[in-house]
Amino acid sequence: EAGVVQSPRYKIIEKKQPVAFWCNPISGHNTLYWYRQNLGQGPELLIRYENEEAVDDSQLPKDRFSAERLKGVDSTLKIQPAELGDSAVYLCASSLWDEETQYFGPGTRLLVL
Amino acid sequence: GNSVTQMEGPVTLSEEAFLTINCTYTATGYPSLFWYVQYPGEGLQLLLKATKADDKGSNKGFEATYRKETTSFHLEKGSVQVSDSAVYFCALRRKSNYQLIWGAGTKLIIKP
């Protein structure tokens, strides 16, 4: 069974530029999560989807971050414009409806210069 | 509020040594507890979990027991290998919420 797929794996951009990350969850997983992980810290939840509905986006900085999950499968996380402090690893995870286990992708490492 | 506290790293051990990584938590009710591992350049992988008091999670020679009386979920392994070098994260999840609350991670370095 294929795991959670993310792309790109690495991204280097200049500040004020836009950037987008893509995630394909495990087939059949209805719940999708985006996390941000800063160096030396645990992941921080940005947004959680149940199918195509964002059910928890309370920690998403909505002035510059946006996300979508069209058709309840793939998801895209966007930052516009990026700031130096956005440098981090962006992780996508998915889980079944009632399944506690979250399965993580390899992450996208973002560096903003 | 809910929180997870892990011992600070890095933890450096020789191969075949006994490993303990401490994890304590603060939560209302009875959360589920998890250990995730992150190998260099890879994503987070679930290592083991326990969903109720006195449960023992185990995988790949690692074990952790859910201790309600001490609010702890310490990770142990009897004989570590160089391939166990990674960052280990302890996390909790309340029954009423999908959100995982994470510790800061503990980097483990195993020397041959």
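Sequence lines set the chain letters: A, B, ... in the order given, protein chains first and strands last, and positions in each chain run from 1.
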Interface moiety of B:Q45 toward chain A, non-hydrogen atoms closer than 4.5 Å: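 Answer is neither: B:Q45 stays 4.5 Å or more from chain A.
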
- request: Check each atom of B:L46 against the heavy atoms of chain A and say whether the ones under 4.5 Å are side chain, backbone, both or neither.
  value: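 Interface part for B:L46: side chain.
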
Do [X] and [Y] sit within salt-bridge range, that is, some charged N less than 4.0 Å from a carboxylate O?
X	Y	value
A:R36	A:E44	yes
B:E63	B:K77	no
A:E14	A:K16	no

Donor-acceptor pairs under 3.5 Å, side chain of residues 57-67 of chain A to any protein atom, not counting sequence neighbours: which ones?
unit_1: A:S58; atom_1: OG; unit_2: A:D56; atom_2: OD1; d: 2.9
unit_1: A:K62; atom_1: NZ; unit_2: A:D57; atom_2: O; d: 2.7
unit_1: A:R64; atom_1: NE; unit_2: A:E83; atom_2: OE2; d: 3.3
unit_1: A:R64; atom_1: NH1; unit_2: A:P81; atom_2: O; d: 2.8
unit_1: A:R64; atom_1: NH1; unit_2: A:D86; atom_2: OD2; d: 2.6
unit_1: A:R64; atom_1: NH2; unit_2: A:D86; atom_2: OD1; d: 3.0
unit_1: A:R64; atom_1: NH2; unit_2: A:D86; atom_2: OD2; d: 3.4

task: Pick one of side chain, backbone, both or neither for A:R9, based on which atoms fall under 4.5 Å of a heavy atom in chain B.
output: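 Answer is side chain: those atoms of A:R9 sit under 4.5 Å from chain B.
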
field: Structural part of A:Q6 lying under 4.5 Å from a heavy atom of chain B
entry: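 Looking at A:Q6, nothing touches chain B.
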
